[in-house]
Amino acid sequence: MLTIADVSKSYGTRELFSEVSLFVARTDRLGLVGPNGAGKSTLFGLILGEERPDTGTIEWERGADFGYLPQESAPAGDETILTIATSGKALEPTEDNYDIDYTLEPRARIILAGLGFKEGDADKQARTFSGGWVMRAHLARLLVAEPALLLLDEPTNHLDLEALLWFQDYLTRYPGGLVVISHDRAFLNALCTGMLELRAGTLHYYHGNYDNFLTEKEARKEQQLAQFKNQQREIAHLQVFVDRFGAKASMASRAKSKEKQIERLKDAAVEEPTEELKRINFKFPQPVRSGLKVIELKHIRQAYGNHVVYSDLNFIAERGQRIVLVGPNGAGKSTLLKILAGNLAFQAGERELGTNVTAGYFAQQRTDTLREDASVFEMMMELRTNENQLTEQQARAILGSFLFRKDDVHKKVGVLSGGEKSRLNLARLLVDPPNLLLMDEPTTHLDIASIDAMIGALKGFTGTLVFISHDVHFIRELAQTVLHVHSGRLTSYAGNYDYYLEKSKATNARAALTAGFTDARPTAAKAAAPVAAAAAASKAPKPSSSEIRKFREHVGTLEKKVVDLETKQAEITAALEDPDTYADKGKFHHYNRELSATADLIAQATAEWDAATTKLGEMEKA
């Protein structure tokens, strides 16, 4: 579908990549990773035709189309969310386009709902929503349009976990190809069948998902190092001969031959493997030791209008604890973190800080603690106090460890990327390190190397940490206590994330982050429930033979429906395997839509048939 051959790109004297080649097939699911500045977004720009390569070619298969989601979208206007979501397709027939999809609007509304929009949001003007929600509308536009290839640049940055899980599941059934830039390990593991790494000007291909990539990359690195050492050993051995006998007339010809052999080995030699450059590297300066009790909330009431989030909330954190907050969206996790930080007023109750406690808050919306019109350097220097005596040199040193070097420190906050804003907020925490660190989605916008650097720094942090994250790897590395937030109640699991999964009986590590259960441990009320259910069942009247016969016929009808749909699915699949289908772009998209819709209908019909079969078994046993 897409062929990239020997493409090179430079900006002035800086070469981003050289002789990059890639073939993307229709069924490929590729993740694109690499250090910041490696050229991932530039490669997308070349594919899109927004930039031209210095050398090489980029060719599309005839009839192939693509959809692109950038990291940031243009400002929204008066158009509605639904207008954005349907703008990739025609709603009315034209002379050039007869293939009108009349299910477009209903599908768009379903996709918008899956991405987190509430009922009625679709008809509101886009400019009334934040930039993150507008990005979701543009993501819906791509999913509605169903291009042959999706090019997605950090698509999960603006999604909460529930929307992310829906989106991830949707992409597993997406009929086209996918190339995605992402720093979300779980997302890449769930979707990708191949990984692309841009590193040191070269594009490397790896089979499998992100975990497979890490394993194979380490194996390649070890192999390259062994090869390098063997070659250097052989070169050194030959050089000893040249040095020893080069001056002797009787051995001159042999020494000359050895010199030529050395040159050939050097020309063909592999390079010594090196670590990726430009990764953040920092440690939290150890804060002042606090008292044993770090913070306590007593009988907190917090409500937004008529919506009561907490009515009698009690919470204590002790020195050195590492607590992760989990629970459904809207349960109040971010609200709890803001109350702990002292950033949100509550209607009743008390918030008590322990002895020598200072709180530091890392907001989910990075701009909450940054001024758009200030420079990076100014945001650091405004933290200078008589106590810390922060100097310009110290500020630059801290910023340098977060990759703000030379003229980068004079950038305005308003032009920074999401990752740069996250790094700036982290840098600010190092000026006056708190001993109570409160972090809301700290890994958002950070690349994988930066996330690993943050994990390493937080492991060495001696203060108290309370955080929210949808990165299971980050949670597993740091959390020692899991606090489940649901319906205004807190349920504590005094163990790591795997302990929480075991005790809550969760089957999916990521979905468990937003699960609505409160506690899987048995109580008297729960134990009594099966007895009550059995008593109720014993009082239910026994179905007659005619009722059973009619219901058996109903089950047969449902089974036939599933069989018919599966037959239709097989016919559509066969049509999509026919090369002639791709000659007509309208026909290709029509079949793709039909295949997706049929898969949804099969899932629904199978669930109905399964439920009816279970009920029939119960009726026959009664």
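Heads up: numbering here begins at 1 and tracks the sequence.
Nearest heavy-atom pair across Met379 and Ala374 is SD-CB, 3.7 Å. Between Thr156 and Ser182, the shortest heavy-atom distance links the atoms OG1-OG, 4.3 Å. Across all non-hydrogen atoms, the minimal contact from Gly31 to Cys192 is N-SG, 3.5 Å. Annotation for Phe23 and Asp28: closest pair O-OD2, 3.8 Å, computed over non-hydrogen atoms. Heavy atoms only, all atoms of each residue included: Val20 and Ile4 are closest at O-CG2, 3.6 Å. Contact detail for Pro70 and Met135: the closest heavy-atom pair is O-CE, 2.9 Å.
Atom CD of Glu146 and atom CG of Asp65 lie 10.5 Å apart (nearest 0.5 Å). To the nearest 0.5 angstrom, Leu513 atom CG is 8.0 Å from Leu165 atom CG. How far NZ of Lys333 is from CD of Glu441: 8.5 Å, rounded to the nearest 0.5 Å. In this structure, CG on Leu336 lies 12.0 Å from NZ on Lys338, to the nearest 0.5 angstrom. Rounded to the nearest 0.5 angstrom, Leu30 CG and Leu22 CG are separated by 6.5 Å. With rounding to the nearest 0.5 angstrom, the CD atom of Glu477 is 10.0 Å from the CG atom of Asp471.
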Start with the C-alpha gap between Arg127 and Glu79, add the side-chain angles, then the distance that decides, and say whether salt bridge (Lys or Arg N to Asp or Glu O under 4.0 Å) holds.
CA-CA 8 Å; Arg127 60 181 172 79; Glu79 69 271 26; over 6 Å; no

Given Leu437 and Leu458, is the side-chain contact (heavy atoms from CB on, under 4.5 Å) satisfied, shown in steps?
CA-CA 10 Å; Leu437 191 52; Leu458 288 172; 3.6 Å; yes

Could you give me the CA-CA distance, side-chain angles and deciding distance for Leu150 and Leu171, then say whether side-chain contact (heavy atoms from CB on, under 4.5 Å) is met?
CA-CA 10 Å; Leu150 285 174; Leu171 286 182; 3.9 Å; yes

Output, in order, the C-alpha distance, side-chain angles, deciding distance and verdict of side-chain contact (heavy atoms from CB on, under 4.5 Å) for Phe377 and Phe404.
CA-CA 9 Å; Phe377 185 68; Phe404 293 106; over 6 Å; no

Under the side-chain contact (heavy atoms from CB on, under 4.5 Å) rule, what do Leu438 and Phe467 come out as? Steps first, then yes or no, please.
CA-CA 6 Å; Leu438 306 160; Phe467 68 99; over 6 Å; no

For Thr80 and Asp123, run side-chain hydrogen bond (donor to acceptor under 3.5 Å, both in side chains): C-alpha distance rounded to whole Å, both residues' side-chain angles, the deciding distance at 0.1 Å, then the answer.
CA-CA 6 Å; Thr80 66; Asp123 301 311; 5.6 Å; no

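Between the side chain of Thr202 and the main chain of Leu198, no donor-acceptor pair closer than 3.5 Å is present. Checking side-chain atoms of Glu378 against main-chain N and O of Ser375 turns up a donor-acceptor pair under 3.5 Å. For Tyr68 (side chain) and Phe44 (main-chain N/O), no donor-acceptor pair under 3.5 Å exists by modelled atom type. Within the 3.5 Å criterion, the main-chain N or O of Glu19 finds a donor-acceptor partner in the side chain of Ser8. Remark: the backbone N or O of Leu115 is paired with a side-chain donor or acceptor of Arg136 at under 3.5 angstrom. A donor-acceptor contact shorter than 3.5 Å is absent between the side chain of Arg29 and the backbone of Leu178. Put simply, the side chain of Asp121 gets close to the backbone of Lys118: a donor and an acceptor are under 3.5 Å apart.
Under the 4.0 Å criterion applied to side-chain N and carboxylate O atoms, Glu119 and Arg109 are not assigned as salt-bridge partners. Taking the charged nitrogens against the carboxylate oxygens, Lys217 and Glu197 do have a contact shorter than 4.0 Å, which makes a salt bridge.
Ser41 and Asp153 are linked by a side-chain donor-acceptor pair at a separation below 3.5 angstrom, with hydrogens and angles left out of the test. Checking Glu216 against His207 by side-chain atom types alone, no donor-acceptor pair falls below 3.5 Å.
Counting heavy atoms from C-beta on, the side chains of His473 and Leu478 never come closer than 4.5 Å. In this structure, the side chains of Lys412 and Glu372 stay at 4.5 Å or more apart for every pair of heavy atoms. Side-chain atoms of Leu429 and Asn425, non-hydrogen and from C-beta on, never get closer than 4.5 Å to each other. Two residues are said to be in side-chain contact when any heavy atoms from C-beta on lie closer than 4.5 Å; Val7 and Thr57 fail this criterion. Annotation: side chain of Leu188 is in contact with side chain of Val180 (closest heavy-atom distance under 4.5 Å). The shortest side-chain heavy-atom distance between Leu370 and Arg428 falls under the 4.5 Å cut-off. You'll find the side chain of Arg52 stays beyond 4.5 Å of the side chain of Ile58, heavy atoms only. Side-chain contact between Leu340 and Val466 is present, with at least one heavy-atom pair separated by less than 4.5 Å.
Heavy atoms of other residues, nucleotides or ligands lying less than 6.0 angstrom from CG of Asp373 number more than 12. Around atom NE2 of His410, more than 12 heavy atoms belonging to other residues, nucleotides or ligands sit under 6.0 Å away.
Centroid-to-centroid, the aromatic rings of Tyr210 and Phe187 stay 6.0 Å apart or farther.
Each of Val324, Leu426, Ile468 was evaluated against Met439; a single residue qualifies, Leu426, per the side-chain contact (heavy atoms from CB on, under 4.5 Å) test.
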